[in-house]
Amino acid sequence: MSIYQGALERHLVLLHSGILKVTVLTSDGAESLLAIRIGGDLVGEMSALNDLPRSATVAACTPSVYSVIHRQQLHTFLERQPGAALALAGMVADRLRWANQFRVEFTAYSAKVRIARVLVKMALAYGRRTPTGLEIGFELTQSELASLCGAAEVTVQKALRDFRHNGAIITGYRTVTVVDLDALQEAAELRGNL
């Protein structure tokens with residue numbers, strides 16, 4: 001399952017199961033990770049609603065099951081089901097709120113705190129319980145983590161090393177397992193705020 005930035009497609013995808021990465025190419029040609037989507041999420045809704053080219057690329061990280069909903073099907077459904085139209089508007093508003101919160105965090109917190117916050121959020125949203133802790137359930141490169149946090153890759157490497165040294169996480173090849181959620185929440189300045 002793939003959607004490509006700039007493509008003139010008008011369908012959206014309802015993800016039933018699996019994990020998708022949403023990325024965008026920056027003006028210098030680098031790929032930046034914008035979001036992760038999981039089962040139950042919609043992707044591609046902006047082009048389906050406003051008839052403009054795709055604003056991002058979406059690719060599967062794990063085997064996925066999904067349904068393709070064509071633009072006309074979506075519009076017909078939303079005209080007949082105003083409650084669904086309100087739910088879709090709410091989802092878009094939630095994503096905008098998340099983007100706004102990210103901008104605030106970008107200026108309000110250090111890179112290390114932002115990295116800890118992203119790890120906490122991803123562990124809670126996508127983590128699977130293992131004997132060791134909460135393993136983030138998909139491959140995540142340091143470059144992708146850096147783009148999610150708005151930090152340099154070397155800063156991510158240093159923060160991960162510090163979190164490992166403090167016993168908050170363990171890392172493997174493209175994997176992160178949160179061993180001590182309380183310690184990571186403290187590093188994220190989230191204690192009592194979740």
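- Atom-to-atom distance recorded for I170:CD1 and L160:CG is 12.5 Å, nearest 0.5 angstrom.
- In this structure a side-chain-to-backbone donor-acceptor pair under 3.5 Å is missing from R174 to T141.
- Interatomic distance, I169 CD1 to I136 CD1, rounded to the nearest 0.5 Å: 8.5 Å.
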**Item:** Evaluation steps, side chain to side chain contact (heavy atoms under 4.5 Å, CB included), between V120 and V178
**Value:** CA-CA 8 Å; V120 167; V178 177; over 6 Å; no
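- Here the straight-line distance linking atom CZ of R117 with atom OH of Y109 works out to 4.0 Å at 0.5 Å rounding.
- Under a hydrophobic clustering in which Ile, Leu, Val, Met, Phe, Trp and Tyr are joined whenever their side-chain heavy atoms come within less than 4.5 Å, directly or via other members, V92 and V43 fall into different clusters.
- No single ILVMFWY cluster, assembled from side-chain heavy atoms under 4.5 Å apart, contains both V58 and Y4.
- The CG atom of N166 lies 9.5 Å from the CG atom of D180; values are rounded to the nearest 0.5 Å.
- Remark: E153 pairs with no residue by the salt bridge (charged side-chain N to carboxylate O under 4.0 Å, His left out) rule, at least two apart or across chains.
- Side-chain contact between R95 and M46: absent, with no pair of heavy atoms (C-beta onward) separated by less than 4.5 Å.
- The nearest pair of heavy atoms linking L49 to R71 is O-NH2, 3.7 Å.
- No single ILVMFWY cluster, assembled from side-chain heavy atoms under 4.5 Å apart, contains both M91 and L86.
- For R54, the salt bridge (charged side-chain N to carboxylate O under 4.0 Å, His left out) partners at least two apart in sequence or on another chain are E9.
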**Asked** side chain to side chain contact (heavy atoms under 4.5 Å, CB included) between F77 and I69: does it pass, once the steps are laid out?
**Response** CA-CA 10 Å; F77 176 72; I69 303 167; over 6 Å; no
**side chain to side chain contact (heavy atoms under 4.5 Å, CB included) evaluation trace for E186 with D182** = CA-CA 6 Å; E186 188 171 316; D182 289 340; over 6 Å; no
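- For H16 (side chain) and S64 (main-chain N/O), no donor-acceptor pair under 3.5 Å exists by modelled atom type.
- When the salt bridge (charged side-chain N to carboxylate O under 4.0 Å, His left out) test is applied to D162, the partners found at least two apart in sequence or on another chain are K112, K158.
- V65 and V68 fall into different hydrophobic clusters, where Ile, Leu, Val, Met, Phe, Trp and Tyr side chains are chained together by heavy-atom contacts under 4.5 Å.
- When every heavy atom of M122 is checked against every heavy atom of L148, the shortest pair comes out as SD-CD1, 3.7 Å.
- Contact detail for Q5 and T57: the closest heavy-atom pair is N-OG1, 2.9 Å.
- Annotation: side chain of F163 is not in contact with side chain of V176 (no heavy-atom distance under 4.5 Å).
- Minimum interatomic distance between G167 and V179 (heavy atoms only, all atoms of both residues): O-CB, 3.8 Å.
- Hydrophobic clustering (side-chain heavy atoms under 4.5 Å, transitive across Ile, Leu, Val, Met, Phe, Trp, Tyr) keeps I3 apart from L42.
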Please list, one pair per line, the donor and acceptor atoms closer than 3.5 Å that link side chains of residues 126-135 to other protein atoms, with sequence neighbours excluded.
from	atom 1	to	atom 2	distance (Å)
Y126	OH	I36	O	3.1
R128	NH2	E135	OE2	3.0
T130	OG1	T132	N	3.3
T130	OG1	G133	N	3.2
T130	OG1	G133	O	3.0

When the side chains of residues 18-25 are checked against the rest of the protein, which donor-acceptor pairs come out under 3.5 Å, sequence neighbours left out?
from	atom 1	to	atom 2	distance (Å)
K21	NZ	E139	O	3.1
K21	NZ	E144	OE1	2.7
K21	NZ	E144	OE2	2.7

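- Counting only residues at least two apart or in different chains, ring-ring contact (aromatic ring centres under 6.0 Å, His included) contacts with residues 79-101 comprise W98-F102.
- Interatomic distance, CG of L34 versus OG of S55, reported as 8.0 Å (0.5 Å rounding).
- Summarising the geometry of A111 relative to T155, their closest heavy-atom pair is CB-CG2, 3.6 Å, with the distance given to 0.1 Å.
- Distance check, rounded to the nearest 0.5 Å: CZ of R10 to CG of L52 gives 7.0 Å.
- Residues Y66 and L15 approach most closely at CB-CA, 4.1 Å, considering heavy atoms.
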